[in-house]
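Notes to accompany the following structure.
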Amino acid sequence: MSFTETDRQHMSRALQLAARGLNTTTPNPRVGCVLVKADAVVGEGWHEWAGEAHAEVHALRDAGAAARGATAYITLEPCVHHGRTPPCADALIEAGVTRVIAAMRDPNPLVAGQGFIRLQQAGITVETGLLDAEAEALNIGFVSRMTRGRPWLRLKIAASLDGKTALLNGRSQWITGAEARRHAHGWRARSCAIMTGSGTIIADDPSLTVREVPCMRQPLRIVIDSRLQTPPNAKILTGTGALIFTAQTGSLPNAEIIALPDATGKVDLAGAMAELGRRGINELLVEGGTRLNGALLRAGLVDELLIYQAPLLIGDQAQGMFDLPETLSLTEARQLDIIERCQLGRDTFLRARLCS
């Protein structure tokens, strides 16, 4: 497709609108819509909350009668199925929209091109692929869940300059400064769930809630706890409680327990990710210790690393980032692509992905 600079400007605006739902749409994708008629924007909207109107409906309401004959710029293919809301493709048809430009196809098998077909059958011109990479990045967790059956998994690590995440006794609060911690809470806010291991619960007793940035919902809290060692009075069990994956049977107050052992008596991590995918978890943030980090890496479940590095030297006996076997050759070392780097006060933030 050949798109104009004006087309790009309108889709960029639709993506900006979609990003307003960054912390609120789970388990749905983040979607924005801009309606344009005679070179003027007549309506805008974005999906705000799961179960409520989608972006297209908000934009159509904003435009009113001016939607007839308009072009709709949408960051994701309009839905065609009845869920908690009616199909958006039908709403666009009924409103008299004559052209739809969508950034990307919906990977949801319930849609997967059917929305485009319905629009075309109604005589609407459909074009796709405009800023599709940006649209996919905005919904990377939703795409992961729909195509791989599991969430997009980010490991968040706060470490010293010599790569240590905690003292030998497990204490890790606080390696990084306030600005870095506030930045990390932004990643918590956009995540559907936050996961840690029982070792971190015992050592630090974290609450794993969003506190440093505005957030109208709290992510699901998850613990990987093979031997069910989480103390009954742990902070993570307060409020809405937690989901605990274990290799044993048992119970804890204010916790949902799922026994999911593997052949070695540990938690089946791949099985846990599949279960989270079934529960609608798009983006998972892991704030664990060296053992959980290493186990997830060895299982091939890590998609992205969020590393906050402080200008500290802690020493060789402290805990490292990952419990991994020794690499005998540098050619066997795991390669990373650094996709973001910034300074947060005295700390440095790196976002990286494992090379395929």
Does the side chain of [X] reach to within under 4.5 Å of the side chain of [Y], using non-hydrogen atoms?
{"X": "Gln218", "Y": "Thr240", "result": "no"}
{"X": "Arg181", "Y": "Thr176", "result": "yes"}
{"X": "Ile224", "Y": "Ser198", "result": "no"}
{"X": "Ile314", "Y": "Ile175", "result": "yes"}
{"X": "Leu92", "Y": "Leu60", "result": "yes"}
{"X": "Leu336", "Y": "Leu354", "result": "yes"}
{"X": "Met104", "Y": "Asn139", "result": "no"}
{"X": "Val41", "Y": "His10", "result": "yes"}

Salt bridge check: are [X] and [Y] linked by an N-O gap of less than 4.0 Å?
{"X": "Asp303", "Y": "Arg150", "answer": "yes"}
{"X": "Arg279", "Y": "Glu256", "answer": "yes"}
{"X": "Glu304", "Y": "Arg351", "answer": "yes"}
{"X": "Glu179", "Y": "Arg182", "answer": "no"}
{"X": "Arg154", "Y": "Glu340", "answer": "no"}

[X] versus [Y], closest heavy-atom pair with distance:
{"X": "Asp132", "Y": "Ala103", "answer": "CB-O, 3.1 Å"}
{"X": "Val210", "Y": "Cys215", "answer": "CG1-CB, 3.6 Å"}
{"X": "Ser160", "Y": "Leu312", "answer": "CB-O, 3.3 Å"}
{"X": "Met146", "Y": "Asn108", "answer": "SD-CA, 3.7 Å"}
{"X": "Thr209", "Y": "Arg188", "answer": "O-NH1, 2.7 Å"}
{"X": "Asp262", "Y": "Val267", "answer": "OD2-O, 3.8 Å"}

Query raised in the report: Would you say the side-chain atoms of Asn293 and Thr290 include a donor-acceptor pair closer than 3.5 Å?
Result: no
**Report entry** Flag for Thr230-Asp225: side-chain donor and acceptor within less than 3.5 Å
**Finding:** yes
Distance check, rounded to the nearest 0.5 Å: [X] atom [atom1] versus [Y] atom [atom2]?
{"X": "Trp46", "Y": "Thr24", "atom1": "CH2", "atom2": "OG1", "value": "9.5 Å"}
{"X": "Phe245", "Y": "Ile222", "atom1": "CZ", "atom2": "CD1", "value": "6.0 Å"}
{"X": "Glu5", "Y": "Ser12", "atom1": "CD", "atom2": "OG", "value": "8.0 Å"}
{"X": "Leu15", "Y": "Leu131", "atom1": "CG", "atom2": "CG", "value": "6.0 Å"}
{"X": "Thr71", "Y": "Glu127", "atom1": "OG1", "atom2": "CD", "value": "8.5 Å"}
{"X": "Leu313", "Y": "Leu161", "atom1": "CG", "atom2": "CG", "value": "6.0 Å"}

Membership question, hydrophobic clusters at under 4.5 Å side-chain separation (ILVMFWY): are [Y] and [X] in the same one?
{"X": "Ile140", "Y": "Val111", "result": "no"}
{"X": "Leu260", "Y": "Leu220", "result": "yes"}
{"X": "Ile157", "Y": "Leu284", "result": "yes"}
{"X": "Val286", "Y": "Leu243", "result": "yes"}
{"X": "Phe3", "Y": "Met11", "result": "yes"}

Query raised in the report: So among Ser191, Pro151, Pro29, Cys192, which one has a side-chain contact (heavy atoms from CB on, under 4.5 Å) with Asn282?
Result: Cys192
Using modelled atom types and a 3.5 Å cut-off, is there a donor and acceptor pairing between side-chain atoms of [X] and backbone atoms of [Y]?
{"X": "Arg118", "Y": "Ala89", "result": "no"}
{"X": "His47", "Y": "Gly32", "result": "no"}
{"X": "Glu77", "Y": "Asp106", "result": "yes"}
{"X": "Gln120", "Y": "Ile124", "result": "no"}
{"X": "Asp162", "Y": "Gly315", "result": "yes"}
{"X": "Asp62", "Y": "Ala59", "result": "no"}
{"X": "Thr165", "Y": "Gly320", "result": "yes"}

[atom1]/[X]: more than 12 non-hydrogen atoms of other groups inside 6.0 Å:
{"X": "Lys266", "atom1": "NZ", "value": "no"}
{"X": "Arg346", "atom1": "CZ", "value": "no"}
{"X": "Arg291", "atom1": "CZ", "value": "no"}
{"X": "Arg341", "atom1": "CZ", "value": "no"}
{"X": "Arg227", "atom1": "CZ", "value": "no"}

Query raised in the report: Can you name the one residue among Glu136, Glu283, Glu134, Glu48 that meets salt bridge (Lys or Arg N to Asp or Glu O under 4.0 Å) with Arg30?
Result: Glu283
Requested in this report: Could you please spell out the steps behind the side chain to side chain contact (heavy atoms under 4.5 Å, CB included) verdict for Arg145 and Ile281?
Outcome: CA-CA 7 Å; Arg145 181 165 65 87; Ile281 302 300; 5.7 Å; no
Query raised in the report: After noting the C-alpha distance and the side-chain angles of Leu296 and Met195, does the key distance pass the side chain to side chain contact (heavy atoms under 4.5 Å, CB included) rule?
Result: CA-CA 12 Å; Leu296 289 167; Met195 188 170 80; 4.1 Å; yes
Report task. Tell me, with the steps shown, if Thr25 and Phe142 meet side chain to side chain contact (heavy atoms under 4.5 Å, CB included). Result -> CA-CA 11 Å; Thr25 64; Phe142 179 76; over 6 Å; no
Requested in this report: Indicate the ring-plane relationship of Tyr308 and His183, choosing parallel, tilted or perpendicular according to the 30° and 60° boundaries.
Outcome: perpendicular
Requested in this report: Evaluate the side chain to side chain contact (heavy atoms under 4.5 Å, CB included) criterion for residues Ile257 and Thr249: first the C-alpha distance (whole Å), next the side-chain angles of each, then the deciding distance (0.1 Å), finally the verdict.
Outcome: CA-CA 8 Å; Ile257 308 294; Thr249 58; over 6 Å; no
